[in-house]
Amino acid sequence: MADDNPPAAPKNVTVHSLYREGSSKRIALLIGLSLLVIISALFSAGTGTVSISPQDTILAIGHSCAVSIQNFLHTYLPGVAGWYDAIPFSIPAPGNPQAELIVVGFRLPRIFLAILTGVSLAVAGTVMQGLLRNPLVSPFTLGLSSAASFGAALAIVIGPGIVAGLFLINYDMFIIIMAFLFGWFSMLLVYWISRSRGTTQSTLILAGVVIGYLFTAGVMALKYITNNEKLRELMMWLMGGMWGASWSAVLLLIPLVIICFILLERMAWDLNALSAGDDVAKNLGINVERLRLSGLMISTFAASCCLAFTGIIGFIGLMGPHICRMIIGSDHRYLIPCAGLLGAAILLISDTLARTIMSPVEIPVGIIMYAIGGVFFLFLIMRGRGRGLY
C-alpha cells in the first residue's frame, strides 16, 4: 500500500534559510548586472570608428577626472587644492593623444545618456506593471511615447517660427521641452479620464491606449502636411537615438533620475502588497488610489525626461522587468534596481552596436531595440506554449 503521507521537508530547511537563499541570489544578480554595465561602458568607450585600447580608455577617463577635480579645487576650494597637489602620485595621460577628446568629449556623454535612459525606462515599466498588475504595461502602453512624439513633431513642424519670434530658447531645446511637456500631459489626461470612471487597472490601460491613438493620429497628420526636409528630421527623432547626448544633458538628468529612482524604490513594499489585490492592499492600510497616482506620475516624469533627449526608444520598459522577474521573482525591492541595471545594459550594448555595425554610418538605436524586442517576445510566446506566457 502506497504511503499517503507527503515526504518530510529536510531538517535544515527553514523559512529563514529559504529567505536568505533567495536574498543571496538577488544580491548576486544585482552585483552581476552592475559589473555588466561597467564592462559594457568601458567597451563602448573604446569602440567606434576610431578604436582605442582599454588601457588608453581607462587612462583617458582617469586623467580627465583628475584634471577636473584639480581645476574645481583651485577655483572653489584653494585650501584643499594645496593638499590635493601634494599627493605623491598622479594619473598619466593616455598614450593616444586623441583618446581623451574622443572618450571624454564624445563617447562618455552618450554612454551616460544611454545608461540613464535605460534605467528610467526599465524602472518606469517595472513600477507601472506593479501598479496595474499587468506584465504588458509600459510607459508606451499608456500613451507616453505617442504624446511625446506629437510634442516633438509639433515643435519640428511649427517650432522654428515660434522660436524665432520668442528669442528665448534654441530650436533643439524647444523640441526637448515640447516632448517632455506632452509626455507629462498625456499621463495627467489618462489619469483624469480613468478617475472619472473609477481608477481601476483596466480603465487606466484603456484610457492610455485611447490617448495613444489620438496622439498618433496627430503625428500622422503632421507628417502629411509637412515638407520633405522636416519630415526627415521628424522621422529621425521618432526612430530614437543618442544624438542629443552632451554633458549638460547628462548633468541635468543625473539628479532627476536618481531622485525618481529613490522615490519609486520606497514604494516597493506597497507594490508587493498591491500584487495580492487592491482589497488586500487597502486592508493593510495602503491608499491604493494615491499610490497609483504618485507612482504613475513619478514614472512618467522619469521616462519623459530621458525620452525628450533621445526620441522614442521602445521595449526597454518591457524586456528589463520580464527578464529579471523570470530570474528573481516579483519582489519589487530587488526587481526595481535589477530591472534598471538590465535596462541600462541592454540599451548601452544596443547603442554601441547601432554606431559600430555599419561604421562610420550610424543606425538609430530604436531600430536595434525593435529587432531585439521582437525576437525576445517571440521567444516568450514559444516558451509559454501550453503553460501560460508568464
Side-chain angles (χ1 to χ4, degrees), residues 117 121 124 136-194 204-245 300 303-318 350-351 354 358 361-374 377:
T117 304
L121 292 178
L136 293 179
V137 170
S138 72
F140 304 95
T141 309
L142 299 181
L144 171 61
S145 63
S146 300
S149 301
F150 179 77
L154 197 63
I156 291 171
V157 173
I158 68 172
I162 296 177
V163 175
L166 294 177
F167 294 104
L168 295 177
I169 53 177
N170 61 44
Y171 179 44
D172 293 334
M173 185 57 65
F174 184 65
I175 296 174
I176 291 169
I177 292 174
M178 289 289 285
F180 168 76
L181 290 178
F182 272 87
W184 180 257
F185 172 72
S186 69
M187 187 53 61
L188 292 175
L189 192 58
V190 166
Y191 192 82
W192 177 78
I193 293 173
S194 65
L204 279 166
I205 294 172
L206 289 174
V209 171
V210 170
I211 294 300
Y213 280 130
L214 292 175
F215 280 114
T216 299
V219 173
M220 294 173 66
L222 291 173
K223 287 182 184 178
Y224 181 76
I225 64 175
T226 191
N227 58 42
N228 291 334
E229 182 180 351
K230 291 182 180 179
L231 179 61
R232 174 174 173 78
E233 185 179 357
L234 174 58
M235 291 304 298
M236 291 296 289
W237 194 92
L238 293 177
M239 285 189 286
M242 301 298 155
W243 303 296
T300 301
S304 298
C305 286
C306 293
L307 291 180
F309 288 93
T310 64
I312 302 304
I313 299 175
F315 285 105
I316 295 291
L318 290 173
S350 299
D351 182 59
M358 294 180 63
V361 178
E362 180 180 330
I363 301 175
V365 72
I367 297 176
I368 304 293
M369 286 310 309
Y370 275 109
I372 295 175
F377 280 97

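Side chains included, hydrogens not; waters and symmetry mates left out as well; all remaining heavy atoms used. Residues take their numbers from the sequence shown, with the count starting at 1.
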Response to the item:
All heavy atoms of Met236 vs all of Trp243, minimum pair found to be O-CZ3, 3.4 Å
Worksheet item: Is any side-chain heavy atom of Ser186 less than 4.5 Å from a side-chain heavy atom of Phe215?
Response: yes
Worksheet item: Between Met242 and Phe309, is any pair of side-chain heavy atoms under 4.5 Å apart?
Response: no
Fill in: Side-chain heavy atoms of Leu214 within contact of Phe150, under 4.5 Å
no
Practice prompt. Quick one: closest heavy-atom pair of Ala155 and Met178, and the distance?
Written response: CB-CG, 3.8 Å
Item to complete: Over 60° means perpendicular and under 30° means parallel, so classify the ring planes of Phe315 and Phe377, tilted if in between.
Response: tilted
Worksheet entry | Smallest separation among heavy atoms of Ser146 and Thr216, with atom names | OG-OG1, 3.1 Å
Response to the item:
Heavy atoms of Gly240 and Pro364 approach each other most closely as O-CB, 3.3 Å
Worksheet entry | Closest heavy-atom pair and its distance - Ala152, Ile175 | CB-CG2, 4.0 Å
Worksheet entry | Close side-chain approach of Met239 and Ile312, heavy atoms under 4.5 Å | no
Worksheet entry | Candidate list Leu204, Thr300, Leu206, test side-chain contact (heavy atoms from CB on, under 4.5 Å), partner Val190, passing option | Leu204
Item to complete: Using the side-chain contact (heavy atoms from CB on, under 4.5 Å) rule, take Phe180 and Leu307 through it: C-alpha gap first, then chi angles, then the decisive distance, then the call.
Response: CA-CA 8 Å; Phe180 168 76; Leu307 291 180; over 6 Å; no
Discussion item. Looking at every heavy atom in both Ala179 and Ala308, which two are closest together, and how far apart are they?
Written reply: CB-CA, 4.1 Å
Discussion item. Show, in sequence, the C-alpha distance, side-chain angles and deciding distance for Thr310 and Thr117, and conclude whether the side-chain hydrogen bond (donor to acceptor under 3.5 Å, both in side chains) test is met.
Written reply: CA-CA 8 Å; Thr310 64; Thr117 304; 4.6 Å; no
Worksheet item: Quick one: CD1 on Ile313 to CD1 on Ile367, what's the gap to the nearest 0.5 Å?
Response: 12.0 Å
Item to complete: Can you sort out the partners of Ser350 under side chain to side chain contact (heavy atoms under 4.5 Å, CB included), two or more places apart, ordered by chain and number?
Response: Ile346, Val365, Ile368, Met369, Ile372
Practice prompt. Spell out, as yes or no, whether a donor-acceptor pair under 3.5 Å connects the side chain of Ser149 to the backbone of Ser145.
Written response: yes
Fill in: Ile156 side chain reached by Met235 side chain, heavy atoms, under 4.5 Å
no
Fill in: Approximate separation, where rounding is to 0.5 Å, of Leu234 CG and Leu222 CG
7.5 Å
Worksheet item: Any side-chain heavy atom of Leu144 sitting closer than 4.5 Å to one from Ser304?
Response: yes
